Amino acid sequence: MKKTKRNMLIAIFVSVAILTIGGARILQIERNYQAHKPILEECISNYGTVIIEKKRFWSLSTATCKGS
C-alpha cells in the first residue's frame, strides 16, 4: 500500500470519527435542553430564578428553579 493511500484512509477514518462523536454530542445537548425546557418555562411563569449549572467541561448542564 502506498504511503499516500494509507494517509488518505487514515484521514478519512479520523474525519468520520470526529463527525460521529460531534453528532452524538449535539444530540445529547438537544435532549438535555428538551428535558430542562418544562422546568425553565414553569420557573419563569412563576417569577422564579432559573439556575443553570455546568460542573465539568464535558458534562451536561443541570437546571433548577430558585424562589417563586
Side-chain angles (χ1 to χ4, degrees):
M1 183 182 287
K2 290 185 178 181
K3 189 174 183 176
T4 57
K5 188 174 181 180
R6 183 187 59 160
N7 288 345
M8 182 63 77
L9 288 175
I10 290 171
I12 291 171
F13 177 74
V14 170
S15 297
V16 169
I18 289 171
L19 290 172
T20 302
I21 292 169
R25 184 66 178 159
I26 289 171
L27 287 174
Q28 280 183 328
I29 292 169
E30 176 65 22
R31 288 181 184 152
N32 189 46
Y33 169 73
Q34 293 299 330
H36 291 317
K37 192 174 178 180
I39 296 169
L40 303 175
E41 289 175 350
E42 181 180 342
C43 185
I44 291 171
S45 67
N46 292 331
Y47 303 104
T49 302
V50 175
I51 300 171
I52 299 176
E53 294 179 313
K54 188 171 184 175
K55 299 190 191 289
R56 294 181 312 274
F57 181 72
W58 288 108
S59 67
L60 295 173
S61 61
T62 58
T64 57
C65 183
K66 184 176 182 181
S68 54

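Please read these numbers as outputs of a predicted model, since none were measured by experiment.
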**Request:** Might you point out which heavy atoms bring C65 and G48 nearest each other, and give the distance in Å?
**Result:** SG-CA, 4.2 Å
**Item:** Heavy-atom pair with the smallest gap, counting every atom of K54 and S59
**Value:** CE-O, 3.1 Å
**Request:** Kindly compute the distance separating OG1 (T62) from NE2 (H36), expressed to the nearest 0.5 Å.
**Result:** 6.0 Å
**Item:** K55 atom NZ: more than 12 heavy-atom contacts under 6.0 Å
**Value:** no
**Complete:** To the nearest 0.5 Å, atom CD1 of I39 lies from atom CD1 of I44 at 12.0 Å
**Item:** Closest approach of A35 to P38 (non-hydrogen atoms, all atoms of both residues)
**Value:** O-CD, 3.6 Å
**Request:** Can you measure from NZ (K5) to CE (M8) and round to the nearest 0.5 angstrom?
**Result:** 11.0 Å
**Request:** Please round to the nearest 0.5 Å and tell me the distance separating atom CD1 of I52 and atom OH of Y33.
**Result:** 9.5 Å
Under 3.5 Å, which donor-acceptor pairs link side chains of residues 10-26 to any protein atom two or more places apart or in another chain?
{"residue": "S15", "atom": "OG", "partner": "A11", "partner atom": "O", "Å": "2.8"}
{"residue": "T20", "atom": "OG1", "partner": "V16", "partner atom": "O", "Å": "2.8"}
{"residue": "R25", "atom": "NH1", "partner": "Q28", "partner atom": "OE1", "Å": "3.2"}
{"residue": "R25", "atom": "NH1", "partner": "W58", "partner atom": "O", "Å": "3.1"}
{"residue": "R25", "atom": "NH2", "partner": "W58", "partner atom": "O", "Å": "2.9"}

**Prompt:** Rounded to the nearest 0.5 Å, how far does CD1 of I51 lie from CG of L40?
**Reply:** 11.5 Å
